[in-house]
Amino acid sequence: MTDRCPSDAHETGRRMPTENNTEFGKSTIEIWIVEDNARFRNATVRGLRLLADDVLANEFSNCEDAIAAIDEGNSPDVFLMDIDLPGIDGIDGIGEIKQRLPDATVLILTVFEDDEKIFRALKAGASGYCLKSDSIARVCEAIEQVLQGAAPIHPRIAGRVLKMFAELAPEQPDYGLNAREQTVLEAMTRGLVRKQIASELDLNLHTLDYVTRCIYRKLHVNGATAAVALAIRERLVDPPT
């Protein structure tokens, strides 16, 4: 299958925020691109560097090399992960990464739109799901969103994600969420990002991060996307309007 290269970054003129405008609290955003198609990987790196002031992009052609880099004590802010990779595929790679870096942010960037791969990737802990047909500007926007705690999903896939979860067994176990966790989960289903939730609920970011980890643990999920979909499917919160 031939991968489509991201459209040229200069078409939009939009740039990814960095510490130069105090968006993320770091002087450099480090992104690891795990992609075996060298042409697509190189085009993505070029596009990111055109749109971002201070992005450090490291390239890996397989999961094994990225995992080895983690084992050497390195880690990025965001992984851009393909699914169809030689050796360890991207979905199993998420599991390997999460074992080593439980709070890792992994954004899927793939050609695959079939339900089975989408479900497996989100269940494994992917923070978002983009398609290679997306423009590089859209990929940059998704990176911004995951760095703020949101869960970006390609519009064509989002409805199917909710449908997949809705078609699962309808049992509604008691997950034991307390009032604060319930309120945070409700805010997540409304699409609020980390800073917005903290502001609305008058929580500091450290407390919010702790509450969010408790929610994930109690719901037995590995990320915001799966938590939101589960909450809607099992009616743990009122559906967003």
Exercise for the section: Would you check, one step at a time, whether the test side-chain contact (heavy atoms from CB on, under 4.5 Å) holds for Asp77 with Thr105? Expected result: CA-CA 7 Å; Asp77 298 292; Thr105 298; over 6 Å; no
Practice task
Side-chain contact test, heavy atoms from C-beta onward, threshold under 4.5 Å: evaluate it for Tyr129 versus Thr110 and give yes or no.
Solution key: yes
Exercise for the section: Only one of Val78, Ile143, Thr28, Ile31 passes side-chain contact (heavy atoms from CB on, under 4.5 Å) with Val55; say which it is. Expected result: Ile31
Practice task
Flag the pair Arg41 / Thr44 as yes when at least one side-chain heavy-atom distance between them is below 4.5 Å, and no otherwise.
Solution key: no
Problem - Counterpart residues, salt bridge (Lys or Arg N to Asp or Glu O under 4.0 Å), relative to Glu72 (two or more places apart) - result: none
Practice task
Output the distance between atom CE (Met81) and atom CD1 (Ile108), rounded to the nearest 0.5 Å.
Solution key: 6.5 Å
Problem - Same apolar cluster (I L V M F W Y, side chains within < 4.5 Å links), Ile136/Leu56 - result: no
Handout entry: For Asn204, side chain to side chain donor-acceptor pair (under 3.5 Å) partners two or more places apart
Key = Thr207
Problem - pair Leu131-Ile157: side-chain heavy atoms closer than 4.5 Å - result: yes
Fill in the blank from the handout: So ring pair (Phe, Tyr, Trp, His ring centres under 6.0 Å) across residues 191-212, not counting sequence neighbours, yields none
Exercise for the section: Indicate yes or no for a side-chain donor-acceptor contact from Glu30 to the backbone of Asn58 under 3.5 Å, with no hydrogens or angles considered. Expected result: no
Fill in the blank from the handout: What one should report as the nearest heavy-atom pair of Ala231 and Thr189 is CB-CG2, 4.1 Å
Fill in the blank from the handout: Scanning both residues in full, the closest heavy-atom pair of Ser61 with Asp65 reads OG-OD2, 4.3 Å
Problem - Close side-chain approach of Arg120 to Glu116, heavy-atom, < 4.5 Å - result: yes
Practice task
Could you go through the side-chain contact (heavy atoms from CB on, under 4.5 Å) check for Met188 and Val237 one step at a time?
Solution key: CA-CA 10 Å; Met188 292 168 60; Val237 298; over 6 Å; no
Problem - Electrostatic pair Glu35-Lys132, nearest N-O below 4.0 angstrom - result: yes
Exercise for the section: Verify side-chain contact (heavy atoms from CB on, under 4.5 Å) between Glu141 and Ser135, making sure each step is shown before the conclusion. Expected result: CA-CA 10 Å; Glu141 182 181 7; Ser135 69; over 6 Å; no
Practice task
Quick one: closest heavy-atom pair of Ser75 and Leu101, and the distance?
Solution key: CB-CD1, 3.7 Å
Exercise for the section: Compare all side-chain heavy atoms of Val221 with those of Ile215 and state whether any distance is below 4.5 angstrom. Expected result: no
Exercise for the section: Indicate, with yes or no, if Ile67 and Leu85 share a hydrophobic cluster defined by side-chain heavy-atom contacts under 4.5 Å among Ile, Leu, Val, Met, Phe, Trp and Tyr. Expected result: no
Exercise for the section: Indicate whether the side chain of Tyr175 and that of Glu234 have a donor and an acceptor atom separated by less than 3.5 Å. Expected result: yes
Completion exercise
Leu107 and Ala142 have their tightest heavy-atom pair at CD2-CB, 3.8 Å
Distance-only donor-acceptor pairs under 3.5 Å for side chains of residues 88-97, two or more places apart:
from: Asp89; atom 1: OD1; to: Ile91; atom 2: N; distance (Å): 3.1
from: Asp89; atom 1: OD1; to: Asp92; atom 2: N; distance (Å): 2.7
from: Glu96; atom 1: OE1; to: Arg100; atom 2: NH1; distance (Å): 2.9

Exercise for the section: Give a yes or no on whether Val193 and Tyr216 share a hydrophobic cluster (residues Ile, Leu, Val, Met, Phe, Trp, Tyr; joining criterion: side-chain heavy atoms under 4.5 Å apart). Expected result: no
Exercise for the section: Kindly state each residue pair satisfying ring pair (Phe, Tyr, Trp, His ring centres under 6.0 Å) with at least one member in residues 45-90, sequence neighbours excluded. Expected result: Trp32-Phe60, Trp32-Phe79
Practice task
Apply side-chain contact (heavy atoms from CB on, under 4.5 Å) to the pair Leu80 and Val34, showing each step before the final yes or no.
Solution key: CA-CA 6 Å; Leu80 280 184; Val34 187; over 6 Å; no
Practice task
State, with a plain yes or no, whether a side-chain heavy atom of Asp84 is found less than 4.5 Å away from one of Val111.
Solution key: no
Problem - Shortest non-hydrogen contact from Ala126 toward Thr225 - result: O-OG1, 4.3 Å
Handout entry: Cation-aromatic face contact Lys117/Phe112, 6.0 Å, 45 degrees
Key = yes
Problem - Main-chain N/O of Ala104 paired to Lys98 side chain as donor or acceptor, under 3.5 Å - result: yes
Handout entry: Electrostatic pair Glu200:Lys195 at N-O distance under 4.0 angstrom
Key = no
Fill in the blank from the handout: CD1 of Ile232 to CG of Leu185, rounded to nearest 0.5 Å, is 9.0 Å
Completion exercise
Those residues at least two apart in sequence (or on a different chain) that pass salt bridge (Lys or Arg N to Asp or Glu O under 4.0 Å) with Asp209 are Arg194
Practice task
Kindly indicate whether the side chain of Cys130, heavy atoms from C-beta on, has any atom under 4.5 Å from the side chain of His154.
Solution key: no
Handout entry: Close side-chain approach of Val184 to Thr212, heavy-atom, < 4.5 Å
Key = yes
Handout entry: Side-chain donor or acceptor of Asn62 paired with backbone N/O of Pro86 under 3.5 Å
Key = no
